[in-house]
Each structure stands twice: as C-alpha cells, then as structure tokens.
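The structure appears right after this line, and notes come after that.
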2 protein chains.
Amino acid sequence: MSNCSHCIMKRFNALKTLSHDELERFSDHKTSLIIKKGENLMTEGNSINGLYCIQDGKCKLTKLNTNGKEQIIKFVKGGDILGHRSILSEEPVGLNATALEDMRVCFIPKGDILESIKDNPQFSLNLIKNISLQLSQANTAISQMAQKPVKDRLAETLLSLEEIFGVDNEDCIDVILTREEIANTIGTATESAIRLLSNLKKDGVIDLLGKKIKILNKNALKNISEGY
Amino acid sequence: MSNCSHCIMKRFNALKTLSHDELERFSDHKTSLIIKKGENLMTEGNSINGLYCIQDGKCKLTKLNTNGKEQIIKFVKGGDILGHRSILSEEPVGLNATALEDMRVCFIPKGDILESIKDNPQFSLNLIKNISLQLSQANTAISQMAQKPVKDRLAETLLSLEEIFGVDNEDCIDVILTREEIANTIGTATESAIRLLSNLKKDGVIDLLGKKIKILNKNALKNISEGY
DNA sequence: AAAAATAAATGATAATTGTCATATTTAGAA
DNA sequence: TTCTAAATATGACAATTATCATTTATTTTT
C-alpha cells in the first residue's frame, strides 16, 4: 500500500507541516477507500472518528434544508481534507459529502491526528487556519446569497467553479454537474438555473456543451456577478 | 480597575478554562474601553492584535457587499468574545463590529492570548470549538438564505433574536434594531421587511411597539419559518 | 439497439420581491 | 419647544423568480 510520506497530499494543507515520523505513523494506521460516484463519504449528523484525505476525485458538501431541498455549501477535490472540523470540535459532521465522481480517499484514525495536534502546534494551527478560512468564506457566501440576485450568483458560481476545478483540454470547467446541482449551489429552482445559463450562452458569455460549461468572457461574468 | 479573575466573562466561553494565574496576567495587561452606540469595535480588513471580551452591550457583525449594501452576519452580546478568529488565523478581521448600544469591552493583548494557547491546550481547543460552531451556524445560514423565502427568514430571525437577547420586562425582544437592520439581517429591502412585519402583526403573531417587537405566538412563527 | 427513465429546455403563468413615490410618524438638533 | 432630518409605513408598479405543463434530448437499463 502507498506510503503517506510519499503522498501528494502532504504538499497541501495542514499536512505539509507533519514530520516524516508523523507521516509514517499515519501510513501504518491509515485505510484507503474507494467512494463511487453518488456515494456518501460523510453524512450529516453522523459522527466520524478520523480524518479523510482526498487523493483523487471530487465531491460536494451539502446540507438538507427543512423544506427538503439540498443546498450545496462547498466543493471539494483531490488534495483537500475532510472531517477535521468534526474531530476538533467533537461534534457530529455538519454536512454530507457526496462523490461527484469516483474518489480515492485515505482515512487516518482520530487518535493519530490528535497525537499530532498535541505534538505539533504548527499542525494544529494550520487546521485552525483552514477552519477560519472556511468561516470567512461562509460569511461571504451568506452575504451574497442574501443580497445578490440569482443571475449574479450564477455568474459568481461559474467563476468560482473554474477557480476550484480548472479547465479541461477543451477549456471547459473541469467538473460535471447536473443543472439541478448548479441550481442547488446558487439557491434557485432548476428551471431558473437552466434559463439563466441559456441566456448567458445567448449573450456569448459562456458556451454549453452538454453538461460541460466553457467560460468565453470571464470579464463579462465578473461584471454580472457584481451586478452590472 | 476591575480584575479578570473576578470578571463575569470567565464564566463563559473559552475563558472558563483559564487558571487564576492566567487571568491575573490578563488583568495586568488588559485595557477597558467604552464603545459608543454606532461606533466600530472592529473594522473589516483591519488587523487587530488582541482579544475583545464584551462585558456589556450589544453589537452587530456586518459585511459590506460589493453592491454597497450591509449584510448583518451575527449579533454579539455581553459575555461573548471577538477577535479570536483573526488572532488564530493571523488574518485581518473579516467583519465590522458596530455597537448597537453603548458597550463596555476589555481588550487583552495578543501576546497573552497566544501564551495561554501554548500553555493551556483546553483553552486552545475551546477557541477552536467556538470557531467550529460559528462555521456550522454559518453553513446553516447559507442554506436558509439560499432557499427560504423572505417571510420564512424573517420569522426565523425574530425567533433567533429572542433566543439571543431574551425579552425585557414587557416581554419584548430585548434589542433595538431599525427596520433597515432587520432587513439587512434577512437580506431583503427595508420596505419588504416593514411590510412583512406589518402582516405578522395583523395576523396576531407579533406585536409592534415602536421599535420593540413582542412575539405573541412562538409556535406560529416557528411554522412560518419552516414554510407552513 | 430499443425501451425506459432521467435530465434539460422552454412556454405560460403566478407568486414573490424590489423600486419608486409619497405620506406619516418619530427622533434629534437648534 | 419648534424645526429638521430620519425612520416608518403604505400604495402602485415593475422586475425577478417559482411553479406547472410539455417537449426534446440524453442517459441508463433491458
């Protein structure tokens, strides 16, 4: 099985401050798992006892609203970690993590993580920074959801998806989402999302190739996202 | 000047795990300040080098949107702490903290806080839990802003305001907000907020006594907040 | 490959929400 | 107090967004 001290994950995030010894310890205790598209890596309300390192693949973090609708809170990809908030706060997981494509994930038991937190203040601090950044981004999201019209939020979301996932060899945003998932990200009805995407295409701002979306005019999108 | 080890603050939050010695150190270095209604305790984008303990008074945490509108993210009252996120993440403050009434606040220099974080893992952990809880609440807020109609959000907000601030001797929610501030909390136009408040009053769910709001039927509000 | 199921697209219409205008009330300053 | 400014309230209307119905396209299953 692969070794944590050689893993690409350690180049990212909080994990980059871990010593060789700590990574070896992780290696000895970790389990690798494959999450198939559509399956849940974490489920809202459940407790977990470890940290997930996303090796490969993409997932969405969602919340089920009281009205039964799914809200997508965040997208996660290879190199990201999941579950640290729950470990640190000793609370159940707050979001569902659902695979958007097949994923390769490593699971590192809570005990090892807590040990590193105790031994390695820098690791601990990096986890805190990660959570703080998420809080900061969440506050921005609240503001935008509350005050921006759907069209602006769609533009914003498309830019952010390209930022997160990059583009493929045809310059399309490198993630496959259904129209419903896009709608659940910006908080609108699926039909509205479809209509606004069609408008953006008609205006030459984006191109739609099946589920693939290509941004043609980033500046125009940026303007729309700011209400112009 | 008052002494931290006798302060009511230490009954709350992360501070409750601090030792007598730590509190004495805080006491020696702290400064007390009065923030007048309308003044800012913290300002978005500025850096701070310490922790604020709110002794008394209320404030709103806001974010200025790209469209120039103010979004209220959170309300803060006596017993709460502010600035720990910025200290821990070593980033500028993300939100404005504006006094809703005159406030008494203590400021404890960053150095003392960082020392306690190093010495006292439980203190550190409690700060993390505080930030984690905020993140969890923020995610819920995103979902509600994105998916619930304004009426539901208003009902939700009224319940939450009573939860946070309690009621005065006339059973009114114990905080004075302008209609504009209520609108900026739920993310709507001031006129819409006014109209929906009037409707709730007409339906006998709340009573409006000037700026004071009294919840008459908590169950009805709860139902409205959930879309019934 | 054909059939069935799911997703996307579009029109028609209704409901929600925002904007502008204006009146009324309240709070603050001279 | 009296004046002035600001906040609240309400109507009229426009813009945005949701819902429902239906068609077309795409994906999945048999």
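Each chain gets a letter, A, B and so on, in the order the sequences are listed, and its residues count up from 1.
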### Query
Counting side-chain heavy atoms from C-beta on, which of C:dG11, C:dT19, D:dT17 comes nearest to B:E191?
C:dT19
### A:A189 or B:E180, whichever maps to the more 5' nucleotide of DNA chain D
B:E180
### Message
Please determine whether a side-chain nitrogen of the Lys or Arg among B:K60 and B:E70 lies less than 4.0 Å from a carboxylate oxygen of the Asp or Glu.
### Response
yes
### Task
Examine the side chains of A:D152 and A:S225 and answer whether a donor and an acceptor come within less than 3.5 Å of each other.
no
### Message
Using whole Å, what does the distance between atom P of nucleotide C:dT26 and atom CD1 of B:I176 come to?
### Response
14 Å
### Message
Exactly one of A:K69, A:K63, A:Q71 should register a side chain to side chain donor-acceptor pair (under 3.5 Å) with B:Q147. Which one does?
### Response
A:Q71
### Task
Indicate yes or no: at least one non-hydrogen side-chain atom of B:H84 is less than 4.5 angstrom from one of B:N130.
yes
### Message
Base, sugar-phosphate or nothing for B:T188? Non-hydrogen atoms, less than 4.0 Å.
### Response
sugar-phosphate
### Query
How close or far is atom C1' of D:dA18 from atom CG of A:N67, stated in whole angstroms?
13 Å
### Query
Taking atom P of D:dT17 as reference, at what distance in whole Å does atom CD of B:Q147 sit?
15 Å
### Query
Atom CD1 of B:I194 and atom C1' of C:dT22: how far apart are they, to the nearest Å?
13 Å
### Task
Mind running a 4.0 Å heavy-atom check of residues 221-228 of chain B against DNA chain C and sending the residues that fall below it, in number order?
none
### Query
Do any side-chain nitrogens or oxygens of B:K211 fall under 4.0 Å of OP1 or OP2 in D:dA7?
no
### Query
In whole angstroms, how far is the C1' atom of C:dA9 from the CG atom of A:L200?
15 Å
### Any side-chain donor near an acceptor of the partner, B:N96 and B:T43, under 3.5 Å
no
### Base C:dT25 paired with B:R179 side chain (donor-acceptor, <3.5 Å)
no
### Query
Taking the nucleotide of DNA chain C with the closest heavy atom to each, which residue, B:K37 or B:L196, is nearer the 5' end?
B:L196
#### Entry: Side-chain heavy-atom pair B:T188, B:L196 within 4.5 angstrom cut-off
no
### Task
Provide, to the nearest angstrom, the distance between the CZ atom belonging to B:R153 and the P atom belonging to C:dT17.
7 Å
### Query
Of all the choices, D:dT16, C:dT17, D:dC20, which nucleotide is nearest to the side chain of B:P149 once you look at every atom?
C:dT17
### Neighbour count >12 (heavy atoms, 6.0 Å) for atom NZ, A:K58
yes
### Summary
Here the distance between atom C1' of D:dT8 and atom CG of B:L209, to the nearest Å, is 15 Å
### Task
Tell whether B:R195 reaches the base of C:dG18 with its side chain through a donor-acceptor pair below 3.5 angstrom.
no
### Query
Taking only N and O in the side chain of A:T190, is any of them less than 4.0 Å away from OP1 or OP2 of C:dA8?
no
### Message
Quick one: does any side-chain atom of A:R153 pair with a main-chain N or O of A:K148 as donor and acceptor, under 3.5 Å?
### Response
yes
## Note on the structure
Taken to the nearest whole Å, CG/A:L177 to P/C:dT6 is 20 Å
### Task
Ignoring backbone atoms, establish whether A:S192 has a side-chain N or O less than 4.0 Å from OP1 or OP2 of D:dA18.
yes
